[in-house]
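Each ligand, and each atom within it, is numbered from 1 in the order the structure gives. Hydrogens, waters and symmetry mates are skipped; everything else that's a heavy atom, side chains included, is used.
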Amino acid sequence: QAVERSYIMIKPDGVQRGLVGEIITRFEQKGFSLKGLKLFQAPKELAEEHYTELQEKPFYPELVKYIVSGPVVGMVWEGPGVIASARKLIGATNPLNAEPGTIRGDFGIQSGRNVIHGSDSPENGEREIALWFKEGELVEWTRTIKPWIIE
Ligand code: DAT
Ligand code: MG
């Protein structure tokens, strides 16, 4: 599996509900490496750009309003196959369809309050990381436990 990076973002509802620690724990325990982390009030333009592919959807204006309605926690997680794996940990877009044990399955009810974002492809991962993080905000480091997670 290729080493990838995913942009993972705890949305304003996740921050307000006190799920930041719980969510970070799931990614840490899975074994991925945290390469960037910040609490951030997104400006409208950034939220619009992040979801630019959904511009024509009827829910787009509400979606942008939701993302800027409070601080988000933006993260970069790295590891083999992290893009698809993170989306499994996160669960289906509609939390009512998300399996129990996934983040959305455990903590949500509606698509419009689905707690967390995860990149859907390596290309979008890199695009989103460049959008949300400045040069120098990411940290290059190696988890000393790594040989016990990845052979
Ligand atoms: P995902 O976040 O699972 O990648 P997506 O990229 O299709 O889903 O959509 C981005 C976000 O837009 C999603 O997390 C919540 C919102 N959304 C998607 N479909 C929706 C719908 N039918 N009604 C309301 N919000 C929706
Ligand atoms: Mg998406």
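- Comment: K44 engages E48 in a salt bridge, judged by a side-chain N to carboxylate O separation of less than 4.0 angstrom.
- By the 4.5 Å heavy-atom criterion applied to side chains, L34 and M75 are counted as neighbours.
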>> Could you go through S33 and E78, starting from their C-alpha distance and side-chain angles, then the distance that decides it, and tell me whether this counts as side-chain hydrogen bond (donor to acceptor under 3.5 Å, both in side chains)?
In response: CA-CA 5 Å; S33 294; E78 184 180 279; 5.8 Å; no

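- Using a 4.0 Å cut-off between charged nitrogen and carboxylate oxygen, E99 and R104 do not count as a salt-bridge pair.
- The shortest side-chain heavy-atom distance between I23 and I116 falls under the 4.5 Å cut-off.
- A heavy-atom cutoff of 4.0 Å around ligand 1 is satisfied by the protein residues K11, Y51, L54, F59, L63, R87, T93, R104, S111, N114.
- For the 3.5 Å distance criterion, the side chains of Y7 and N124 fail to qualify, holding no donor opposite an acceptor.
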